[in-house]
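Report on the following structure.
Please read all numbers here as calculations on a predicted model, not as lab measurements. To find a chain, count down the sequence lines: A is the first, B the second, and so on, and within it residues start at 1.
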There are 2 protein chains.
Amino acid sequence: MLSDVMEDYLKAIYQLQRETDERIKTSAIAEELDVTSPTVTSMLDKLEDRGLVDREKYRGVTLTGEGETVALEVIRHHRLLEAYLTEHLDYDWAEVHEEADRLEHHISENFEARVADALDQPTVDPHGSPIPSADLEPPERPDGESVTEFEEGDVVIVEEVADRDAEVLSYLADHGVEPGVELEIIEVAPFGMVTARSSDRDGTVSLPESVAHHVRVAAPAEIEQ
Amino acid sequence: MLSDVMEDYLKAIYQLQRETDERIKTSAIAEELDVTSPTVTSMLDKLEDRGLVDREKYRGVTLTGEGETVALEVIRHHRLLEAYLTEHLDYDWAEVHEEADRLEHHISENFEARVADALDQPTVDPHGSPIPSADLEPPERPDGESVTEFEEGDVVIVEEVADRDAEVLSYLADHGVEPGVELEIIEVAPFGMVTARSSDRDGTVSLPESVAHHVRVAAPAEIEQ
DNA sequence: ATTTAGGGTTAGATGGGGCTAAATCAAGTG
DNA sequence: CACTTGATTTAGCCCCATCTAACCCTAAAT
């Protein structure tokens with residue numbers, strides 16, 4: 001049996017691996033989970049003992065297959081919960097993350113299955129993030145890329161808004177940046193800020209680099225393949 | 001902030017108090033929660049420090065007003081979850097308890113409110129147990145009494161089936177003993193076993209004293225007041 | 001009033017998860 | 001190629017919830 005905290009570490013390592021392709025460093029995990037480095041080190045010891053991470057001292061960790069499966073299970077729970085809360089319990093897009101974060105460790109296989117049934121086996125959550133399938137096979141890397149990769153004049157469709165901060169998400173929703181909307185890129189500033197026009201709102205919206213980075217979009221043509 | 005485990009202790013003490021009117025003994029709590037007595041003693045120390053129980057060493061505890069409020073909150077969560085799971089997620093009467101037990105500590109006020117809304121502010125759970133109101137005022141003692149208090153020939157309505165064992169509940173459901181059904185008492189054996197005929201099934205059903213004790217019923221006349 | 005049975009409490013250990021301070025390693029710099 | 005810098009690990013501590021073993025209190029029985 002794994003503790004909630006261990007599941008959180010595995011999930012964090014998984015998410016960090018999606019971003020970098022490199023071994024994950026102690027300090028990155030510490031920052032992600034808001035704990036100190038020594039705490040991370042000692043937890044990595046335990047995860048290594050259980051065969052959930054591959055570790056090279058002083059050089060970071062990667063998940064083993066088993067560790068990845070656990071991470072995918074937790075993420076499946078999380079995203080199913082987010083979807084269920086928005087669709088059946090009237091939750092707002094911005095507030096589901098926190099609730100799902102607490103519940104994800106405490107639902108049974110049975111609960112997971114019933115929620116998935118109620119939603120008709122969904123494949124994405126309300127933020128456009130892919131929900132791992134029930135078999136917990138590592139999912140494909142999704143289409144599209146960060147909106148920061150595009151240029152003035154490009155027209156793109158928002159695929160995913162991966163930010164976890166409720167305030168940021170509320171702001172984005174208010175300014176028409178949600179999965180499914182069309183954005184026309186107006187400007188990409190040298191310091192990374194993206195300004196765009198949403199098909200959903202009048203006026204424009206500007207996103208600092210740190211926010212824009214979490215907005216994954218695809219060119220319409222790319223989608224049709 | 002209270003830990004999950006502290007909440008469990010307060011809930012257990014509350015439930016035990018409903019049954020006895022006396023101070024609750026260490027050993028009773030230990031049995032209820034399946035831990036050893038020393039473990040209970042040390043937890044009672046902590047609960048006393050926080051003003052949640054009144055304690056007399058060697059003589060047991062009672063809940064303070066504050067402790068009772070916490071217990072009621074947990075029980076409200078538990079019973080709302082049970083009701084929600086059966087009504088909206090296709091759970092069976094018998095299997096909700098376990099799931100609710102794990103989730104009850106991890107839902108927010110917001111979640112509680114949305115679930116209560118979805119169920120239209122229910123007042124009883126699927127077992128007929130009263131759901132504490134949102135203000136967490138100590139509820140009235142419900143009508144009726146244990147079916148063991150009745151006699152051959154009495155006709156009663158089942159109000160509550162308070163057993164927590166899934167196997168027992170399945171058995172009872174299969175034999176027509178659920179909240180709302182009418183029972184005609186056929187026999188009360190000297191060792192406490194109750195035999196009855198359910199309005200819901202052919203044949204009779206016999207309940208050993210330990211099970212019958214958890215079946216609260218009311219005489220039809222009593223209900224109409 | 002003394003004894004005794006049985007439960008309650010104290011003592012001390014364990015494992016989980018966290019911290020700070022000190023030591024150590026990896027890498028880039030002079 | 002030695003050195004400095006910055007991150008990582010080790011060492012040692014804390015609190016929580018649990019256990020077993022040992023001790024002690026209460027109440028009932030003699």
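Atom pair A:His105:NE2 and C:dG17:P shows a separation of 11 Å (rounding to whole Å applied). Atoms CD1 (B:Ile24) and C1' (C:dG7) sit 15 Å apart, rounded to a whole Å. B:Asp4 has its CG atom 15 Å from the C1' atom of D:dT18, to the nearest Å. Rounded to whole Å, the distance from CD on A:Glu48 to P on D:dT9 is 10 Å. The OH atom of A:Tyr9 sits 11 Å away from the C1' atom of C:dG16 (whole-angstrom rounding). Rounding to whole angstrom units, CE of residue A:Met43 and P of D:dT10 are separated by 16 Å. At whole-Å resolution of the value, CG in B:Leu2 and P in D:dC16 are 12 Å apart. To the nearest angstrom, C1' of D:dT18 lies 12 Å from CG of B:Asp34.
Counting heavy atoms from C-beta on, the side chains of A:Val161 and A:His214 never come closer than 4.5 Å. Put simply, the side chain of B:Trp93 reaches to within 4.5 Å of the side chain of B:Pro179, judged on heavy atoms. In this structure, the side chains of A:Tyr9 and A:Val35 come closer than 4.5 Å at one or more pairs of heavy atoms. With a 4.5 Å cut-off on side-chain heavy atoms, A:Arg114 and A:Glu112 do not count as touching. Counting heavy atoms from C-beta on, the side chains of B:Met6 and B:Met43 come closer than 4.5 Å.
Using a 4.0 Å heavy-atom criterion, one finds that B:Ser3 contacts the sugar-phosphate atoms exclusively. Within 4.0 Å of A:Met1, counting heavy atoms only, lies no atom of the nucleic acid at all.
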Protein proximity profile, nucleotides 20-26 of chain D - base contact B, sugar-phosphate-only contact S, no contact -, cut-off 4.0 Å on heavy atoms
BB---SS
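For the pair A:Ser146 (side chain) and A:Glu149 (backbone), a donor-acceptor distance under 3.5 Å is absent. The closest donor-acceptor contact from the side chain of A:Arg76 to the backbone of A:Ala71 lies at 3.5 Å or more, if one exists at all. Of the possible polar contacts, none joining the B:Asp92 side chain to the B:Glu95 backbone as a donor-acceptor pair under 3.5 Å is found. Remark: the backbone N or O of A:Ser108 is paired with a side-chain donor or acceptor of B:Glu99 at under 3.5 angstrom. In this structure, the side chain of B:Arg55 does not engage the main chain of B:Leu47 through any donor-acceptor pair within 3.5 Å. A:Tyr91 places a side-chain N or O within donor-acceptor distance of the main-chain N or O of B:Phe111, the cut-off being under 3.5 Å.
Distances shown here put every side-chain N or O of A:Arg55 at or beyond 4.0 Å from the OP1 or OP2 atom of D:dT8. Contact check, A:Arg23 against D:dA7: no side-chain N or O comes under 4.0 Å of OP1 or OP2.
Contact check of residues 10-20 of chain A against DNA chain C (heavy atom, cut-off under 4.0 Å) returns no residues at all. At a non-hydrogen distance threshold of 4.0 Å, A:Lys25, A:Thr26, A:Ser27 from residues 25-32 of chain A come into contact with DNA chain D.
The six-membered or imidazole ring of B:His97 lies near that of B:His78, with a centre-to-centre distance under 6.0 Å.
Taking only side-chain atoms of B:Thr41, from C-beta outward, the nucleotide of C:dT10, D:dT18, D:dA17 with the closest atom is C:dT10. Listed nucleotides: C:dG18, D:dA17, D:dC19. Nearest to the side chain of B:Val5: D:dA17.
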